[in-house]
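Report on the following structure.
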Amino acid sequence: MKILILGLDGYIGWSLALHQLSLGNEVCGIDNFSRRKSVEEIGSWSAIPILPIEKRMNILQKEYGDKITFHAGDLVDSNFTNDVIGKFKPDAIIHLAEQPSAPYSMIDQSHTLYTQYNNVMGTLNVIYAMKNYVPKSHLIKLGTMGEYGTPDLEIAEGFMEVEFRGKKATIPYPRFAGSWYHWSKVHDSNNVAFACKLWGLSSTDIMQGIVYGTRTAEITDPNKHTRFDFDEIFGTVINRYCAQAVIGHPLTVYGKGGQTRGFLALEDSIQCMSILIENPPEKGEYRVINQFDQQYQVSELAERVKRIADKKGLDATIQQLENPRVEKEEHYYKADHEQLKKLGFRATRHIDDEIGIMLDDLTSHEDRIRTKKDQMTKQVKWRDGSSTIKQRIVNPLILPTD
Ligand code: USQ
């Protein structure tokens, strides 16, 4: 199969490319390196060093020859997007090329605009390019469980049945997103669903939980490591706790710590996406999948990381910080996640084992984390934004010239 990975240079994109190549598929990647640039912009870096893209490609080309190709460019440039999709003609497009950080989108107006512009316009260009060149291709779009928010109701998988004034219907499950970033994903979902209806495109919209870990089966040597962010803006909660534990920084639980989310190991996230590639929806179908394995409260996770770190002699402590975010700190959470299991997904990783591996991997790069220790608590206050990070310039949209 021909697989196009949008955002190949990122945490999940790189790991997915390694796995798809190992299966014998032909992979084409694109990236504008915005993740590298945004993390640099806020003054941080990946705890685990990663090679520049040219070296990454050299390594893959030595192993896989012309089964791997790469194009540097931006999805908001519709000529670029049309060109790559029109020439490669993928069977499946995995769209991971979005600004992925909720705190980043909350810094100030310029970062909100950048996030929504980049994510929504980039996705519109992808669906137009699909319509023009590969209408039978399968778009696998990375959304987020955060689209649903925390509604104090059971969360269905994309759609729900309702009865209203005597009539029954199936309607999209309501979205109650909690950041400008999460709303950008809701806007994408609406646009992709409409494109499926309008032009008969096929798409799987993944409502993915929080992904953690440093390893997959293919990440076997340092040249194949994927990035690992630990700063307040790009690091996610389990990954941050592990990085904090290795340098003796208190694990930062925000507020009461009763925030509950769905979680998935990196290896299992790659497995899920690969199952979806193998099992496309019908023509014209817009399919929604809730993709996570287990749910945890963030305070419970801190205890878990502390317990495993202590066994390794790291002596971790936990600190409850005033919550910089605007979110419920205690709430009901129960979300369906059955469809992937029906397609054959079985979780292969246990969270405690993955935390142990992460702590070992991060201990090898302890100095890099310690150097950027001030990045652990930048404190972007969601209600008021941050005044310490410079304005972000929003790239103009490049319209098609054909
Ligand atoms: N949290 C802490 N301490 C920390 C960091 C986070 O208590 O040091 C709490 C947050 O307040 C929040 C929860 O942990 O309640 C999750 O925060 P997060 O930063 O791990 O994840 P989030 O901002 O929700 O976003 C991440 C990814 C995003 C993805 C999303 C999936 O950055 O791309 O869409 O997870 S989900 O959370 O299911 O929406």
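When a ligand or atom number is given, it counts from 1 through the structure's own listing order. Keep in mind that this is a model prediction, so the values were computed, not measured.
A salt bridge links Asp9 with Arg56; the closest basic N to acidic carboxylate O contact falls under 4.0 Å. Note on Arg36 versus Asp31: no salt bridge recorded, every NZ/NE/NH1/NH2 to OD/OE distance being 4.0 Å or above.
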Distances only, to 0.1 Å: what are the N or O pairs between ligand 1 and the protein that fall under 3.5 Å?
from	atom 1	to	atom 2	distance (Å)
ligand 1	3 (N)	Thr252	O	2.6
ligand 1	7 (O)	Tyr254	N	2.9
ligand 1	8 (O)	Arg240	NE	2.9
ligand 1	8 (O)	Arg240	NH2	3.1
ligand 1	8 (O)	Thr252	O	3.1
ligand 1	8 (O)	Thr252	OG1	2.7
ligand 1	11 (O)	Glu327	OE2	2.5
ligand 1	15 (O)	Arg261	NH2	3.3
ligand 1	15 (O)	Glu327	OE1	2.8
ligand 1	15 (O)	Glu327	OE2	3.2
ligand 1	17 (O)	Arg325	NH1	3.3
ligand 1	19 (O)	Arg325	NH2	2.9
ligand 1	20 (O)	Val237	N	2.7
ligand 1	23 (O)	Arg325	NH1	2.9
ligand 1	32 (O)	Pro100	O	3.2
ligand 1	33 (O)	Pro100	O	2.7
ligand 1	33 (O)	Tyr181	OH	3.0
ligand 1	34 (O)	Thr144	OG1	2.9
ligand 1	34 (O)	Tyr181	OH	2.7
ligand 1	39 (O)	Thr144	OG1	2.6
ligand 1	39 (O)	Gly146	N	2.8
ligand 1	39 (O)	His182	NE2	3.1

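With a 6.0 Å cutoff to the six-membered ring centre and a 45° limit on the axis angle, Lys2 counts as a cation-pi contact of Phe88.
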Could you tabulate the donor-acceptor pairs under 3.5 Å formed by side-chain atoms of residues 62-70, not counting sequence neighbours?
from	atom 1	to	atom 2	distance (Å)
Glu63	OE1	Lys224	NZ	2.8
Glu63	OE2	Lys224	NZ	3.4
Lys67	NZ	Gly24	O	2.7

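For Asp336, there are no salt bridge (Lys or Arg N to Asp or Glu O under 4.0 Å) partners, not counting sequence neighbours. Phe234 meets the ring pair (Phe, Tyr, Trp, His ring centres under 6.0 Å) test with Tyr104; sequence neighbours excluded.
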